[in-house]
Amino acid sequence: MAIPYRFEVSASANEVHRRHGGLADGEESGQGVTVAGRLMLRREQGKLAFGTLRDWTGEVQLFAGASWTGDFAGFTGLPLGTWVGAEGEVVRTRRGELSVKVARWQVLAEARRGFGDKWRGVSDPEVRLRQREVDLWANEGVRGRMLLRSRAISLTRRWLEDQGFVEVETPVFHPVQGGATAKPFTTHHNALDVDLFLRIAPELYLKRLVVGGFERVYEIARVFRNEGLSTRHNPEFTMLEAYAAYWDYGDMMRLTEELAAHLATELLGTTSLTYAGRDLDLAPPWRRATLVDLVAEHAGVEVDVGMDIGQLRGICDDHGVPWKEHDGPGKLILELYEKTTEGQLWGPVFVCDYPKEVSPLARDHRSQPGMVERFEGIVAGRELCNAFSELVDPDEQRARFEDQARQKAEGDIEAMAVDEPYLRALEHGLPPTGGLGIGMDRLVMLLTGTESIRDILLFPTLRPEFFGLTGHDKAQAVDSSSRSAGTIAEDAAQAADSVVTGTVPPDVV
RNA sequence: GCGCCUCUAGCUCAACGGCAGAGCAAUGGACUCUUAAUCCACAGGUUCUGGGUUCGAAUCCCAGGGGGCGCACCA
């Protein structure tokens, strides 16, 4: 059977429904269409056969009959999952299902592997995550969720551009670790013979662009952090960073809440969400509260960066918060907040004003000594964003970097290094600037109601497959060390045969 | 890294110390309005691996492997 090189589609499943939704039961439209997609279900009835064709806009029924369909026998023998192109008149069956009455059809791709249980789908995480192409067909809602992510990113770009922001691309390879405190991945460039870090944040390059006159700039940056995996962490993730000259962190709070509300309204039609079984309303304005006030509220204790270190350690002990000898007052207060308060905040809430000690890139607070103008947006007990009035003073920045470098020398691999090119840029003058970083994956999790980051990443980071094997197959292959390599390769081919599937209502987005 | 849970047919799952099963998929057949179509027939297994206990192990124990969740680190 010859597979064509192209196929002319005149209507998507969704378009067929839109154009012909008014047909009465048993009525024929008199209009022909060609449609294409995967055959997901098949119902045979003697000399009639019904098939459910799915494309990425939805589903439409194929209605075949021995008296009007070419190669009717072949049609009834199509394995589920086959890509089919079909041509025929749009009709509504007597039982009320809008259908393409198939005159001619052809296979556009064979499905040598099935999609498993057509009703229950596939639940094995190994298959769902490693073979996302299978998951997308087999499990309801997966494709719609992934498409929603795509639309969220697209809407974010459009919205920021409407606010006068310009998108840029800055280097992924960084010679100096900076812009955040995190463990980097390292690599090496041979021709230059230099070690490089994969970026943990685009922050410093973006602020250099503000120095260069890009007054409102943003990047949707894939960043990399060499840390653990969890339902909320993937080693590579997507961070939106935006910087606006002449703005402070208060302006950035407004930008954040307006963006989140805009996305929710556009994608879901409302800012009132349900997440993890609880109500969540993203409508602005979000609550603003200082970090120390929230600690007082949730831990029942008043703290201040001016307090005696011994007293703060005692408070940490009282709340079961471990501390280290070299932790200063600011670090202790942050630890206390993170252990006792952050997870309790359902939000959305802007937690404002952090200790200077733990914020090397944020500007001194205009009225609170020892604090900086920084906020984190907390939603559902998690950090959604982090933003500041940016530190613009090169001397102060150098002192903060040197303090970071000291911590690095003491063994803190997450601490920043002194970034001389960045300091040189600051010496050219960074105007007052507001900066913001939003974890886009977490924002999409909120919008899709998913509680695992892997549910909104098409291909999350996983342990690599071995010879195409996973799980116990791999164990067996390794165990059978007496076998030849060829045998293992054959086993791999068989093991890869695990297939999958299910039914899926139309996930029209 | 530590703790808990889990691994049975292509998929989803039963059997919980006594003959390893069902639904779906696949295969063969019946059926001119189906909707997870239905009906009949047929086929499908190293119960993750290795060891142990037992008259007898998918089941209990030990070790290893894969996966999940939680903790820690972090966004």
Side-chain angles (χ1 to χ4, degrees), chain A residues 25-26 40-52 59 61-68 72 76-77 79-81 91-99 101 111-130 134 138-139 180-183 200-201 223-240 322 338-339 376-378 382-386 413-414 437-443 445 451-454 462-463 465-466 469-480 494-505:
Chain A
D25 291 359
M40 299 308 291
L41 296 171
R42 195 183 57 233
R43 298 170 289 278
E44 291 171 42
Q45 180 78 44
K47 301 225 166 17
L48 298 181
F50 303 88
T52 300
E59 295 181 343
Q61 179 167 268
L62 298 181
F63 181 23
S67 62
W68 67 79
F72 178 77
T76 62
L80 296 187
V91 302
R92 192 180 289 283
T93 61
R94 296 209 289 268
R95 296 292 292 269
E97 186 72 29
L98 195 67
S99 308
K101 194 172 176 182
R112 297 190 189 179
R113 303 166 185 271
F115 283 121
D117 192 300
K118 70 184 183 186
W119 180 242
R120 308 185 68 160
V122 173
S123 59
D124 181 358
E126 281 282 282
V127 176
R128 295 195 53 202
L129 301 178
R130 291 189 193 280
V134 171
N139 291 315
T181 51
K183 300 187 196 79
I200 55 176
V223 298
F224 308 87
R225 299 189 181 180
N226 205 340
E227 288 156 359
L229 293 79
S230 81
T231 51
R232 292 169 295 284
H233 301 90
N234 197 66
E236 51 179 306
F237 63 101
T238 302
M239 189 149 74
L240 165 67
E338 287 181 350
K339 296 291 187 297
E376 290 192 359
I378 304 297
R382 293 180 202 138
E383 179 184 343
L384 176 69
C385 66
N386 185 16
I413 54 178
E414 295 185 357
I438 294 182
M440 291 305 287
D441 308 278
R442 290 187 175 175
L443 182 53
M445 286 168 69
E451 292 176 55
S452 172
I453 194 169
R454 299 190 308 187
L462 301 170
R463 187 187 304 279
E465 294 183 75
F466 177 74
L469 298 178
T470 61
H472 64 267
D473 301 310
K474 172 180 170 180
Q476 283 180 306
V478 172
D479 197 55
S480 318
Q494 288 172 5
D497 255 332
S498 57
V499 190
V500 186
T501 221
T503 267
V504 183

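In this text, all values refer to a predicted model and were calculated from it rather than measured experimentally. In what follows, chains carry the letters A, B, and so on, assigned in the order in which the sequence lines appear, proteins first and then strands, with residues in each chain numbered from 1.
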Participant: Stacking between A/Phe237 and the base of B/A75 (centre distance under 5.5 Å, interplanar angle under 30°)?
Facilitator: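 It does: the two rings, one from A/Phe237 and one from B/A75, meet the stacking criterion.
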Participant: To the nearest angstrom, how far is A/Arg128 atom CZ from B/G68 atom P?
Facilitator: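 The distance from CZ of A/Arg128 to P of B/G68 comes to 12 Å, rounded to the nearest Å.
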Participant: Measuring from the side chain of A/Arg463 (C-beta onward, heavy atoms only), which nucleotide among B/G67, B/U12, B/C31 has the closest atom?
Facilitator: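 From the listed options, B/G67 comes nearest.
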Participant: If pairing requires Watson-Crick or G-U wobble contacts with both distances under 3.5 Å, which nucleotide is the partner of B/G3?
Facilitator: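 B/C69 - that is the nucleotide pairing with B/G3, both distances being under 3.5 Å.
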Participant: Just name whichever nucleotide pairs with B/A22, Watson-Crick or G-U, keeping both distances under 3.5 Å, else none.
Facilitator: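 Base-paired to B/U12.
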Participant: Roughly how many Å apart are B/C71 and B/A15, using the P atom of each and rounding to a whole number?
Facilitator: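 Taking atom P in both B/A15 and B/C71, they lie 31 Å apart.
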Participant: Determine the interatomic distance between P on B/C61 and the same-named atom on B/C24; round to the nearest Å.
Facilitator: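 Per the computed distance, 35 Å lies between those P atoms.
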Participant: Heavy atoms only: give me the nearest A/Leu80-A/Arg42 pair and the separation to one decimal.
Facilitator: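 Closest heavy-atom pair between A/Leu80 and A/Arg42: CD2-N, 3.8 Å.
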Participant: Can you tell me how far the CE atom of A/Met40 sits from the NZ atom of A/Lys118, to the nearest 0.5 Å?
Facilitator: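 Spacing of CE (A/Met40) from NZ (A/Lys118) equals 11.0 Å.
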Participant: Using whole Å, what does the distance between atom P of nucleotide B/C11 and atom CG of A/Asp124 come to?
Facilitator: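 Taking atom P of B/C11 as the reference, CG of A/Asp124 is at 8 Å.
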Participant: To the nearest Å, give me how far apart CE (A/Met239) and C1' (B/A75) are.
Facilitator: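 My rounded result for the distance is 8 Å.
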Participant: Ignoring the backbone of A/Lys339, work out which of B/A75, B/C71, B/C73 is nearest its side chain.
Facilitator: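 So the side chain of A/Lys339 is nearest to B/C73.
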Participant: Determine the interatomic distance between P on B/C11 and the same-named atom on B/U49; round to the nearest Å.
Facilitator: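 Straight-line distance between the two P atoms is 15 Å.
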Participant: Now, which nucleotide makes the Watson-Crick or G-U wobble pair with B/A43, with each of the two distances under 3.5 Å?
Facilitator: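 Base partner found: none.
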Participant: Just compare B/A75, B/C33, B/G70 and give me whichever is closest to any side-chain atom of A/Arg232.
Facilitator: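 Looking only at side-chain atoms, A/Arg232 lies closest to B/G70.
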Participant: Can you check whether A/Glu383 reaches A/Arg442 side chain to side chain, under 4.5 Å on heavy atoms?
Facilitator: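 Touching, per the 4.5 Å side-chain cut-off.
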Participant: Working to the nearest 0.5 Å, report the span between CD of A/Glu376 and CG of A/Leu384.
Facilitator: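 Those atoms lie 10.0 Å apart.
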Participant: Suppose you measure atom P in B/U27 against the same atom in B/A37; what distance do you get, rounded to whole Å?
Facilitator: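 To the nearest whole Å, 15 Å.
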Participant: What's the CG-C1' distance between A/Leu229 and B/C69, to the nearest Å?
Facilitator: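 Value for this atom pair: 14 Å.
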Participant: What distance, rounded to whole Å, do you find between the two P atoms, one in B/A26 and one in B/G10?
Facilitator: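 After rounding to an integer number of Å, I get 15 Å for this pair.
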Participant: Separation of A/Glu338 atom CD from B/A75 atom C1', in whole Å?
Facilitator: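 My rounded result for the distance is 11 Å.
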Participant: Under 4.0 Å, counting only non-hydrogen atoms across every strand here, what does A/Glu376 touch: a base, just sugar-phosphate, or nothing?
Facilitator: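 No contact.
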Participant: Just to confirm, is there a sub-4.0 Å distance from OP1 or OP2 of B/C13 to any side-chain nitrogen or oxygen of A/Ser123?
Facilitator: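 Yes, because at least one side-chain N or O of A/Ser123 sits under 4.0 Å from OP1 or OP2 of B/C13.
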Participant: Nearest 0.5 Å, please: how far is CD1 in A/Ile453 from CG in A/Leu229?
Facilitator: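 Rounded to the nearest 0.5 Å, the CG-CD1 separation comes to 9.5 Å.
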Participant: Base, sugar-phosphate, or nothing for A/Thr93, non-hydrogen atoms under 4.0 angstrom?
Facilitator: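 Base contact.
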Participant: Start at the 5' end of RNA chain B and walk down; is the nucleotide closest to A/Gly46 or to A/Ile453 reached first?
Facilitator: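 Taking each residue's closest nucleotide, the earlier one in sequence belongs to A/Gly46.
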Participant: With respect to the side chain of A/Glu227, which nucleotide from B/U32, B/G68, B/C73 is positioned closest?
Facilitator: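 The answer is B/C73, which lies nearest to the side chain.
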Participant: Look at the aromatic rings of A/Trp68 and A/Phe63 and report parallel, tilted or perpendicular, splitting at 30° and 60°.
Facilitator: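 Judged by the thresholds at 30° and 60°, the geometry between A/Trp68 and A/Phe63 is perpendicular.
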Participant: Let me see the working for A/Gln61 and A/Ser99 under side chain to side chain donor-acceptor pair (under 3.5 Å), right down to the final yes or no.
Facilitator: CA-CA 5 Å; A/Gln61 179 167 268; A/Ser99 308; 3.0 Å; yes
Participant: Give the rounded distance in Å between these two atoms: CD of A/Glu44 and P of B/A37.
Facilitator: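 Value for this atom pair: 11 Å.
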Participant: Rounding to the closest angstrom, what is the interatomic distance between B/A75 and B/C7 at atom C1'?
Facilitator: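 Rounded to whole Å, the distance is 33 Å.
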Participant: Tell me the interatomic distance from A/Leu48, atom CG, to B/C33, atom P, rounded to whole angstroms.
Facilitator: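 My rounded result for the distance is 6 Å.
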Participant: Hey, what do you get for OG (A/Ser67) to CG (A/Leu48), rounding to the nearest 0.5 Å?
Facilitator: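 So the gap between those two atoms works out to 7.5 Å.
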Participant: Contact class for A/Glu383 (heavy atom, under 4.0 Å): base, sugar-phosphate, or nothing?
Facilitator: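 It contacts sugar-phosphate atoms only.
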Participant: For B/U8 versus B/G70, give the span between their C1' atoms, rounded off to a whole number of Å.
Facilitator: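 Looking at atom C1' only, B/U8 and B/G70 are 27 Å apart.
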Participant: Tell which nucleotide pairs with B/A36, taking only Watson-Crick or G-U wobble pairs whose two distances are both under 3.5 angstrom.
Facilitator: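 In the structure as shown, B/A36 has no Watson-Crick or wobble partner.
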Participant: Does A/Asp441 reach a base, just sugar-phosphate, or nothing at all? Heavy atoms under 4.0 Å.
Facilitator: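 Nothing: the residue A/Asp441, judged by heavy atoms under 4.0 Å, touches no strand.
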Participant: Which part of the nucleic acid, if any, lies within reach of A/Ser67 when heavy atoms closer than 4.0 Å are counted: base, sugar-phosphate only, or nothing?
Facilitator: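 Result for A/Ser67 = nothing.
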Participant: Is there a Watson-Crick or G-U wobble partner for B/A63 with both distances under 3.5 Å, and which nucleotide is it?
Facilitator: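 Paired with B/U49.
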Participant: Can you tell me the distance, in whole Å, between the CZ atom of A/Phe63 and the C1' atom of B/C33?
Facilitator: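 Roughly 6 Å, once rounded to whole Å.
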Participant: Among the candidates B/G70, B/C33, B/A75, find the nucleotide nearest to the side-chain atoms of A/Arg442.
Facilitator: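 For A/Arg442, the side-chain atoms sit closest to B/A75.
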Participant: Quick one: is A/Arg454 getting a side-chain N or O under 4.0 Å of the B/G68 phosphate, OP1 or OP2?
Facilitator: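 For B/G68, OP1/OP2 do have a side-chain N/O of A/Arg454 under 4.0 Å.
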Participant: Return yes if the base of B/U35 and the side-chain atoms of A/Glu97 contain a donor-acceptor N/O pair under 3.5 Å, otherwise no.
Facilitator: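 Answer is yes: a donor-acceptor pair is held.
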Participant: Quick one: CD1 on A/Ile438 to CE on A/Met239, what's the gap to the nearest 0.5 Å?
Facilitator: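 Reported value, rounded in 0.5 Å steps: 10.5 Å.
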Participant: Looking at every heavy atom in both A/Arg128 and A/Asn139, which two are closest together, and how far apart are they?
Facilitator: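 Residues A/Arg128 and A/Asn139, closest heavy atoms: NE-ND2, 3.3 Å.
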Participant: Taking the side chain of A/Arg130 as heavy atoms from C-beta outward, which of B/U32, B/U12, B/G67 is closest to it?
Facilitator: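 Out of B/U32, B/U12, B/G67, the nucleotide with an atom closest to A/Arg130's side chain is B/G67.
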Participant: How is A/Gly65 classified with respect to the nucleic acid when contacts are heavy atoms under 4.0 Å: base, sugar-phosphate, or nothing?
Facilitator: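 Answer is nothing: A/Gly65 stays at 4.0 Å or more from every strand.
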Participant: Are any protein N/O atoms closer than 3.5 Å to N/O atoms in nucleotides 22-29 of chain B? If there are, list each pair with its distance.
Facilitator:
from: B/G23; atom 1: N2; to: A/Asp117; atom 2: OD2; distance (Å): 2.5
from: B/A25; atom 1: OP1; to: A/Lys118; atom 2: NZ; distance (Å): 2.7

Participant: Are any of A/Arg43's side-chain N or O atoms less than 4.0 Å away from OP1 or OP2 of B/A36?
Facilitator: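 No, no such contact exists.
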Participant: Quantified in whole Å, what is the P atom distance between nucleotide B/G18 and nucleotide B/G28?
Facilitator: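 My reading of the P atoms in B/G18 and B/G28 gives 39 Å.
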Participant: Checking A/Arg43 side chain against A/Phe50 main chain: does a donor-acceptor pair fall under 3.5 Å?
Facilitator: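 Looks like no, no N/O pair under 3.5 Å.
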